[in-house]
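Everything quoted here is computed from the prediction, not taken from an experiment.
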Amino acid sequence: MVKPATTKDDAHALFHSLRSAYSATPTNLKIIDLYVVFAVFTALIQVAYMAIVGSFPFNSFLSGVLSCVGTAVLAVCLRIQVNKENKEFKDLPPERAFADFVLCNLVLHLVIMNFLG
Amino acid sequence: MRHNSSQLGYKVQSASIEGRGVKLEIARSTVLKPIGDDSSSHFRLVSSPAIKFEMTRKLGFAFLLLAAASICEAAAIFSPISEAHRSAALELFSPAAGTFSSLEEATEALRTFEVLGIEIESDLKDSTCKSAVDALSSGSPNSKDLYYALRVSSVLQCKISDGALTGVALRLKDFVKDAKSLLDFYYSIGGLVLIKDQTSEVDVLLDDADGIFRSVKDLSQSDGKWRYSSNNPESSTYAAGIALETLSGVITLKSSDIDGNLIDALKRDVVKLFDNIDKYDDGAYYFDDRFVDASGHQGPVSATSSVARGLTTLASTSGSLNIPGDKILGLARFFLGIGVPGTGKDLYYQIDALASLDQSRVLVPLILSLQASVLSISSQDKLKVKVTTVLGSTGPPLSVKLMQVFSSGSKDASIINQELKFDPKEAVHVLDALPVGVDVGEYVFAFEIVLSDPEHKKIYVTGGRTKVPVYVTGVVKVENSKVEVLESDSVETQQKLDLPGKNDVALTANHLQKLRLSFQLTTPLQNPFKPHQALLKLRHESGVEHSFVVNSGKLFETTLDFLGLVENFFYLSGKYDMELTVGDPAMENSFLQPLGHIELDLPDAPEKYGPKPEIAHIFRLQEKRPPQELSYAFLGLVFVPFLAFLVGLLRLGVNMKNFPTSMIPAAFAILFHGGIAAVLGLYGLFWLKLDLFTTLKTLGVLGLFLMFVGHRTLSHLASASAKVKSA
């Protein structure tokens, strides 16, 4: 007797296929993904803190959250540009993309530090 | 309207009255008696049965017109010449360095001294005579010098030989022939008249008296003034006076008769001159030249004086003139009204004119003066009246009647008609008792002078009714005086006062009560009296004073309502001294008496100007901060993802294989990472203590370095990976 495909089974199957597909990505992309996850988690922790203690001083909260989010966004851009499967950026050397990433991060953090107060 | 004596059949002494542009010649003396008072005129008809029927129409109309024309005749006191004039003359005419500066000044001084009866020292006399004689014999071409020299010598009676005088007379006659202007005629003819007075030996008579008369008369004008010369249109009243004197001199010096018509015409000119006379309210008449004329004279004193001299000289040479008596009296009043002039020239004009009027053949003025114009009821002063000539000498026998008494400020007059008794020892007329009803205060007494000898009416002029101001003073009784403290209109304390004696009452009051002071003032004749000042003054012990006027009515009283006065008193409580002042010029016992003191209890002043409450600055409250432990916990929690990231990196198998191994690229790679670390460190410093400007400056430097290093490193890495790809 073939069991009907329950959603639980489908979810499991989806999850496994995602996992296996993901393990095929190149390592550098995984590093970037990990960095993005780290940044997002840091942001979440900051939001949780704000939720507990109140939004004073608001500028510090914003700068903290914005730093995490900004750096995550820049990392995503880097991932897009470095990804070899992405035909758009075929001719862009990854070092160049990395240099842009570093530069943008530095500018972002300057602004963040100014706004931190 | 003109009333001739022929028309109405009675003797008229016409008086001309001017008021509001209406000029009327009204019959005076026997028929109408002017009752002048301050603002309107009423004419009282003394009925005379014989002419009553003629009165009704013509004089009734005259009455109406007169009622419309108001004659202001104010009361004034004119006193005759006195010691004050003598001392002024001595002061003003004292010659510097023993002699007079000019013969003209000498003339003025000597004439003034002569009239006032002042003796001149013989030294001065001799030196002045000498200068006069020198002038006469010097051959000076000036008729003016000769004239003044002759005047001086006639006053001082200097000895001049007949021969010298003859020479002078001849020269003066030459001057007369050559004379062109009025002043030339005046000096030369005047000189000849003086020579005639001094000696009868010298021939001074004029050959062509008629011709000379005409040439002088030609200079006259239609309004009575005279010009100085035929080619100068300037005319003045002063010149008129001089001309009259000159012409009377011509009449004196005539060798043959002058045409009688000329003299009549001259008399008419004089009358015309007097028609244009100016008048003051108090009855003084004068002429005024309002400009400086050719001979340098200006002003009413010189002009009027010159006319007075001219008039009297003319009257003495050619008979009486038809000038109304009150104008003559007015001239005298004008000169007496000046008082004591301040300059020598004015004093000379005044004295000379009064002397001329005194001896005139027109009419001699008589002046009524009071010995004292302030009478006291309490010392029972009697009113003493003197009637003298202008120079102070006694007049003819006459009687003085008090006709009316006006009280000041009111128009009613009580009619008295009481004769004053004459005291021959002192030559005064005494009013034995003040008229009934004359109480303390200011009055105007109207007197009338009646000459005993009716013939004297042609010689003297008295001025009809003369008004003089009189002050009557007396002791004013203060009665029923008391001071009370009222509590809502009912008397709480009352103290009787003994005014105007000393008092010392002690009262207390608070701000809800009132203080009332009341008293009555009665004159010696039991009339209520209103003084000029009645003040109550309250003075605080600190010196602050408040004055209140005591209101008059039937009773003098003032009520001080402290409730309304609390603010005026500046909320000062304490002891206030009370002082009452009652004063008036007619009150002989005006007083300023302390009454005692009053203790006032006033509420406290509101602090309008005290310090305001202090405002403490409330600092902004510290925002509620989370507890430190929570913050530290989260700080630790934030690092957790970072650690998870590192762990994840390790699990992913991160390595440093691509790190360049050869020396220079390795150095650059190290510098690259170092540069990034330095920038992040700079950001940390920026957050901690640096400001943006230094940060940006340093960042600029570091950034350039980093770019160079990074470019080298990454290009090396890129070329390395390209090599791997191609390989």
Side-chain angles (χ1 to χ4, degrees), chain A residues 23 25-58 60 63-65 67-68 71-72 75 84 92-103 105-117, chain B residues 622-627 630-631 633-655 658 672-673 675-676 678-680 682-688 690-692 695-696 699 702-703 706-707 709-711 713-722 725:
Chain A
S23 52
T25 53
T27 320
N28 52 352
L29 292 182
K30 279 194 201 158
I31 293 170
I32 295 173
D33 290 335
L34 188 61
Y35 181 72
V36 171
V37 166
F38 147 66
V40 169
F41 262 108
T42 313
L44 283 174
I45 288 172
Q46 284 181 59
V47 169
Y49 180 68
M50 188 216 82
I52 294 173
V53 300
S55 68
F56 183 81
F58 196 55
S60 313
S63 84
V65 169
S67 132
C68 297
T71 199
K84 288 194 180 46
L92 186 73
E95 285 76 22
R96 169 71 199 278
F98 180 68
D100 285 341
F101 171 74
V102 167
L103 180 67
N105 257 318
L106 288 178
V107 171
L108 172 73
H109 282 90
L110 175 67
V111 173
I112 291 306
M113 292 314 239
N114 194 20
F115 198 52
L116 198 59
Chain B
Q622 189 69 268
E623 293 276 340
K624 204 170 58 133
R625 286 306 193 131
L630 186 65
S631 300
F634 265 89
L635 183 67
L637 205 58
V638 158
F639 283 113
V640 165
F642 182 63
L643 290 171
F645 173 64
L646 288 176
V647 165
L649 278 180
L650 283 170
R651 283 208 29 205
L652 281 173
V654 68
N655 53 34
N658 253 350
F672 176 63
H673 287 291
I676 291 177
V679 171
L680 291 175
L682 177 67
Y683 287 169
L685 269 181
F686 170 51
W687 182 52
L688 285 175
L690 289 180
D691 60 47
L692 190 63
T695 313
L696 283 176
L699 186 65
L702 276 177
L706 192 63
M707 268 208 233
V709 164
H711 181 256
T713 310
L714 290 171
S715 55
H716 171 81
L717 273 178
S719 65
S721 65
K725 249 204 211 148

Hey, does I52(A) have a side-chain heavy atom less than 4.5 Å from the side chain of F634(B)? yes
Could you have a look at L44(A), I31(A), V37(A), T27(A) and say which one has the most heavy-atom pairs with chain B under 4.5 angstrom? I31(A)
T71(A) side chain to Y35(A) side chain, donor-acceptor N/O pair below 3.5 angstrom: yes
The interface call for F672(B) against chain A, heavy-atom contacts under 4.5 Å, is side chain
Considering only heavy atoms, which portion of L692(B) lies under 4.5 Å from any heavy atom of chain A: side chain, backbone, both, or neither? side chain
Pick from I45(A), L103(A), V53(A) with the largest number of heavy-atom pairs that fall under 4.5 Å of chain B: I45(A)
Residue part contacting chain B, namely of F98(A), when any heavy atom lies under 4.5 Å: side chain
In Å and rounded to the nearest 0.5 Å, what is the CE to CG distance from M113(A) to L682(B)? 9.5 Å
Which portion of F645(B) sits near chain A, non-hydrogen atoms under 4.5 angstrom: both
Tell me, side chain or backbone of V107(A) under 4.5 Å from chain B's heavy atoms, or both, or neither? backbone
So which part of I112(A) gets closer than 4.5 Å to some heavy atom of chain B, the side chain, the backbone, both or neither? neither
Is it the backbone or the side chain of P57(A) that comes under 4.5 Å from a heavy atom of chain B, or both, or neither? side chain
Tell me, side chain or backbone of S715(B) under 4.5 Å from chain A's heavy atoms, or both, or neither? neither
Can you tell me if H109(A) uses its side chain to pair, donor with acceptor, with the backbone of N105(A) under 3.5 Å? yes
I'd like to know whether T695(B) forms a side-chain contact (heavy atoms from CB on, under 4.5 Å) with L110(A), so could you lay out the CA-CA distance, the side-chain angles of the two residues, the decisive distance to 0.1 Å, and finally the verdict. CA-CA 9 Å; T695(B) 313; L110(A) 175 67; 4.3 Å; yes
Quick one: does C68(A)'s side chain get under 4.5 Å of Q46(A)'s, heavy atoms only? yes
Y683(B) side chain to L106(A) backbone, donor-acceptor under 3.5 Å: yes
Contact part of V40(A) toward chain B, heavy-atom cut-off under 4.5 Å: side chain, backbone, both or neither? neither
Side chains of S631(B) and Y49(A): closer than 4.5 Å at any heavy-atom pair? yes
Does any backbone or side-chain atom of L699(B) lie under 4.5 Å from a heavy atom of chain A? Answer side chain, backbone, both or neither. side chain
